[in-house]
Each structure stands twice: as structure tokens, then as C-alpha cells.
Amino acid sequence: MSASNLLLAILCASVFVGCGVAVAIALWRRFFAHWTGADAVLVCALIWICWALLLGQLLGAVGLLRRGALLVSALITAAI
């Protein structure tokens, strides 16, 4: 793997993780705002895992499980 491919992969992964955290925090604030501490962290982590799995499953079902499609779908869901 070349250095440019590695940097692109790191950039895409950081954007994907950042979007997932944004989605998790938004859903936590909307539905679980009264939870604090470890419970809140657990809720955010579970929402992020479910979100990442859902995106992967949906894109894989239609044959679009590629780096670019995953990045675009992550940005779209974070913007919504």
C-alpha cells in the first residue's frame, strides 16, 4: 500500500468515525438526554456500532460497499 492510499484510508476512516459520533450524540440527545455517565457513553457506543453496521449492510446489499460510497453515505446521514 502506498503512502497516498494509506493517508486516504486514514482520512476516510476519521470522517466515517466522526460522522458516526455525530449521529450517535444527536440521537442520544434526542431520545436519551436524561441518561448521564457510563450509561450515556454506552448508548452512544451502541448507536454508533448499529449505525456503522446498518450502512455497511445496506451498501453491501446493493453492491456499493466501496470507500467512496461509504464516505458519502456517512456524510449524508450526519448532515441529516
Side-chain angles (χ1 to χ4, degrees):
M1 177 183 281
S2 68
S4 61
N5 283 343
L6 181 63
L7 288 176
L8 182 61
I10 290 172
L11 175 68
C12 289
S14 62
V15 169
F16 183 76
V17 169
C19 290
V21 169
V23 168
I25 289 173
L27 288 175
W28 168 68
R29 285 184 180 163
R30 174 79 169 117
F31 297 110
F32 305 103
H34 59 280
W35 291 16
T36 58
D39 293 336
V41 173
L42 180 62
V43 166
C44 283
L46 288 175
I47 290 172
W48 187 89
I49 291 168
C50 292
W51 172 81
L53 286 173
L54 178 69
L55 280 180
Q57 291 289 329
L58 290 175
L59 290 173
V62 294
L64 291 175
L65 191 56
R66 304 274 190 273
R67 187 176 19 205
L70 196 59
L71 185 62
V72 168
S73 63
L75 290 171
I76 289 172
T77 54
I80 290 173

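Side chains are part of it too, since the values below use all heavy atoms of this structure and drop only hydrogens, waters and symmetry mates.
Cluster annotation: L70 is not connected to L54 through the hydrophobic network of ILVMFWY side chains, with a link wherever side-chain heavy atoms come within less than 4.5 Å. No single ILVMFWY cluster, assembled from side-chain heavy atoms under 4.5 Å apart, contains both V43 and V41. Criterion: ILVMFWY side-chain heavy atoms under 4.5 Å apart, direct or through other members. Under it, V21 and I49 are part of a common hydrophobic cluster. Cluster membership check: L65 shares its hydrophobic cluster with L53, using side-chain heavy-atom separations under 4.5 Å among Ile, Leu, Val, Met, Phe, Trp and Tyr. Taken together through direct or relayed side-chain contacts under 4.5 Å among Ile, Leu, Val, Met, Phe, Trp and Tyr, L64 and I76 form parts of separate hydrophobic clusters.
Across W48 and G20, no two heavy atoms sit closer than the pair CD1-C, 2.9 Å. A78 and V23 get closest at one heavy-atom pair: CA-CG2, 3.8 Å.
When side chains are defined from C-beta on, C19 counts as touching L75, because their heavy atoms get closer than 4.5 Å. Looking at L27 and W51, their side chains never come closer than 4.5 Å, going by heavy atoms from C-beta outward.
Rounded to the nearest 0.5 Å, atoms CZ (R67) and CG (L11) are 10.0 Å apart. Here CG of L7 is found 11.0 Å from SG of C12. Values are rounded to the nearest 0.5 Å. The CG atom of D39 sits 11.0 Å away from the CH2 atom of W28 when rounded to the nearest 0.5 Å. Taken to the nearest 0.5 Å, the CG atom of L71 stands 8.0 Å off from the OG atom of S73.
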